[in-house]
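Note that the structure is predicted; figures quoted are calculated from it, not measured.
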Amino acid sequence: MGKYFFILIAFIFFIGILKSRGTNKLIWFFTGHFFFQERIILLEFPTVISFHRFLIFTLLLSVILTRKHLYKDFKQFPLSKPLAFVFLGMLCVGIFDRRHMMAVNIYRIIDDFVQSFLIIFLCYLSFESIKWKKLVKYLLIASIIMSIYGFYNYITKANPYDDFISKSFKTLSTADIYGPMFFERFRINSFVSNPIYYGYLCSILLMIGVYSFYFLKELRTLAIVSIPITFLNIILSNSRTPLITLCVGLFVFILSSLSHNRKITFFVATIILGLGIINVPLIREKIDATIEIFKTSENPIVGSSLDMRSTQLSASYNEFLKSPVFGNGIYYINENLGWAKNPEDRIRDEDFQGFESYVYHLLIEQGSVGIFMNILFFVSTWIYFLKKRSMFKELSGMGLTILAMFLTFIIGTGTVNSWVISMGLEGILIKYLEQSLALPKKQMIHPRRFGL
C-alpha cells in the first residue's frame with residue numbers, strides 16, 4: 001500500500017514540476033528532495049527509478065520541453081565549457097570500462113552526470129531572479145519544518161516516517177544501520193535517510209539563514225527562528241563532518257560576504273556566543289569528538305580518524321594503480337569491491353572502510369582523467385564567483401561559501417546525496433548574478449536593492 005501512496009505522490013510532483021514555471025518549479029523540486037527519501041523506489045524494471053532520480057529527470061524533461069533554444073542557453077551558461085569537459089572526461093571513463101557493453105557504459109555515465117554535475121545547469125535555467133526572496137523564504141520555512149520533526153525524532157528516539165518507508169520497501173535507512181553500530185551515538189535524520197547528509201543539509205540551510213539575517217530585512221525574523229533550531233539539529237545529527245563544514249562555511253562567508261565593520265562584529269559575536277554554547281554538555285561532547293578525528297588509533301573513537309583515512313587512502317591508491325588514467329569504471333566500488341548499497345549484500349575488505357571521501361571514489365573509479373576534470377570544474381566555479389565579488393559581494397560570497405562547504409563535505413565523507421542542494425543553489429546564484437549584471441547601467445542599483 002505504501003508503494004502506491006508514494007507513486008501517487010510522485011505523479012503529483014511530476015505534474016507540479018512540469019506545469020510550474022521558474023521558482024515555483026524549483027520549490028516543487030527541492031520539496032521532493034527535502035521530504036521524500038531516495039529509498040523510495042517507484043520503478044524497478046527496466047531500470048531502478050528512485051524518488052530523487054525521478055525528480056531530477058522530471059526537471060530535465062521540463063527544461064527540454066520549455067526551452068526552445070537549449071543549445072544557445074547552454075552556450076550562454078558561464079560554466080558551459082568546464083561542464084562540457086567534465087562530461088567528456090566521464091565519457092572517456094565509460095568508453096574504456098571493459099566490464100560492460102559500450103552502450104551500457106555510456107548510459108550509466110549520462111545517468112550519473114545528469115544526477116550530479118548537470119543539476120547546476122538545470123537549476124540555472126529554471127530559476128527566475130525576481131523570485132529570489134520567495135525561494136529563500138521557502139528554504140527557511142523548510143529548515144524550520146525539518147528541524148521541528150528532527151526534535152521529535154530526538155525526543156522520542158523514533159522516526160515513524162522513516163519506519164513507514166522501511167516497511168513499504170523492505171529496506172533499511174542509514175539511520176537504521178547506524179543504530180546497532182553506534183548505539184551510544186544516536187543520530188537524528190528527520191525526513192531524510194542519512195543522518196550525516198541531514199547534518200550537511202542543515203548546515204547549508206543555516207548559512208541561508210545567516211545570509212537572510214544580514215541582507216534580507218524582510219526575512220530577518222524568519223531567519224532568527226531558523227538559525228538556532230537548525231544549528232541544534234546539526235548537533236543532534238551527531239556527525240562531525242557537518243560541524244566542520246559549517247565552520248568552513250562561516251569562515252568563507254565572513255571573508256567573502258561581509259564588510260570590514262561587519263566582519264569585526266561577526267567575529268566578536270561568534271566568540272561570545274561560542275564561549276557560551278561550548279559549555280553545553282551535548283555540544284562540548286561533540287566538539288571533543290570532532291577533535292578526536294585528528295588523533296590516531298592510539299586514541300580510538302567510534303567513527304573516522306586520520307589513521308582510518310590513511311588506511312582508506314592506501315587501499316584506494318592500490319586500486320588506482322590498476323587503471324591510473326581512466327580509472328576502473330563507474331560503480332566499480334559497489335560492483336567489484338563488494339560495497340553494495342544494501343549492507344546485507346556487501347562482501348568487502350574492512351581496510352576500505354567504505355571509502356569515506358569523494359577523492360577516494362575518483363581515484364578508484366575515474367582515475368587521473370576524473371580527478372583533473374573535477375578540479376577544472378570546481379576551480380572554474382570558484383573563479384567565476386570570485387570575479388563577480390567586485391559588483392555583487394554578498395551574492396558572490398554565498399556562492400563561494402556553498403562551494404567551500406560542498407567540497408569540505410564530499411572530501412570528508414563522500415557526496416551522500418549532497419549534489420542537489422549544493423549544485424542546485426550554485427546554479428540559482430549564477431542565474432541571479434547573470435541577470436542582474438545584464439541590466440542596463442542606469443538600473444544597476446546597489447545589490448541589496450535587488451534583494452541580494
Suppose we screen for ring-ring contact (aromatic ring centres under 6.0 Å, His included). Which residues come up paired with Phe29, at least two apart in sequence or across chains?
His33

Which atom of Ser62 lies closest to which atom of Lys25, heavy atoms considered
OG-NZ, 2.5 Å

Minimal non-hydrogen separation, Ile109 against Gly94, with atom names:
CG1-CA, 3.8 Å

Between Phe34 and Tyr138, what is the ring plane arrangement, given parallel below 30°, perpendicular above 60°, and tilted in between?
parallel

Hey, could you give me the CD1/CZ distance between Ile196 and Arg240, rounded to the nearest 0.5 Å?
9.0 Å

If the plane angle is over 60° it's perpendicular, under 30° parallel, otherwise tilted; pick one for Phe121 and Phe74.
perpendicular

Identify the two heavy atoms, one from Ile227 and one from Val210, that lie closest to each other, and give their separation to 0.1 Å.
CD1-N, 3.8 Å

Any salt bridge (Lys or Arg N to Asp or Glu O under 4.0 Å) pairs touching residues 105-132, not counting sequence neighbours?
Arg53-Asp111, Arg108-Glu335

Please tabulate, for the side chains in residues 405-420, all donor-acceptor contacts under 3.5 angstrom to protein atoms that are two or more places apart in sequence or on a different chain.
from, atom 1, to, atom 2, distance (Å)
Thr408, OG1, Ala404, O, 2.7
Ser418, OG, Thr415, O, 2.4

So, do Tyr124 and Phe77 have ring centers that fall under 6.0 Å from each other?
yes

Name the one of Ile402, Ile208, Leu201 that satisfies side chain to side chain contact (heavy atoms under 4.5 Å, CB included) with Ile421?
Leu201

Show every side-chain hydrogen bond (donor to acceptor under 3.5 Å, both in side chains) that has at least one partner inside residues 72-87, sequence neighbours left out.
Arg67-Asp73

Heavy atoms from other residues, nucleotides or ligands near CZ of Phe151 exceed 12 (cutoff 6.0 Å)
yes

Scanning both residues in full, the closest heavy-atom pair of Ser257 with Met398 reads OG-N, 3.7 Å

Which class fits the ring pair Phe215 and Tyr211: parallel under 30°, tilted 30 to 60°, perpendicular over 60°?
tilted

On the six-membered ring of Phe5, is Lys3 placed so that its NZ or CZ lies under 6.0 angstrom from the centre and within 45° of the ring axis?
no

Minimum heavy-atom distance Phe127-Lys431, with the two atoms named:
O-NZ, 3.1 Å

Tell me the closest heavy-atom pair linking Arg220 and Phe213, and the distance in Å.
NE-O, 2.8 Å

Pairing donors with acceptors under 3.5 angstrom, does anything connect the side chains of Ser357 and Gln312?
no

Is the ring pair Tyr432/Trp132 parallel, tilted or perpendicular, if the boundaries are 30 and 60 degrees?
tilted

Who passes side chain to side chain contact (heavy atoms under 4.5 Å, CB included) against Ile64, sequence neighbours left out?
Leu60, Leu70

Sequence neighbours excluded - side-chain hydrogen bond (donor to acceptor under 3.5 Å, both in side chains) pairs with any residue from residues 365-377:
Tyr358-Asn374

Using 30° and 60° as the class limits, which term best fits the ring planes of Tyr152 and Tyr149: parallel, tilted or perpendicular?
parallel

Parallel, tilted or perpendicular: which describes the rings of Phe36 and Tyr161, with under 30° parallel and over 60° perpendicular?
perpendicular

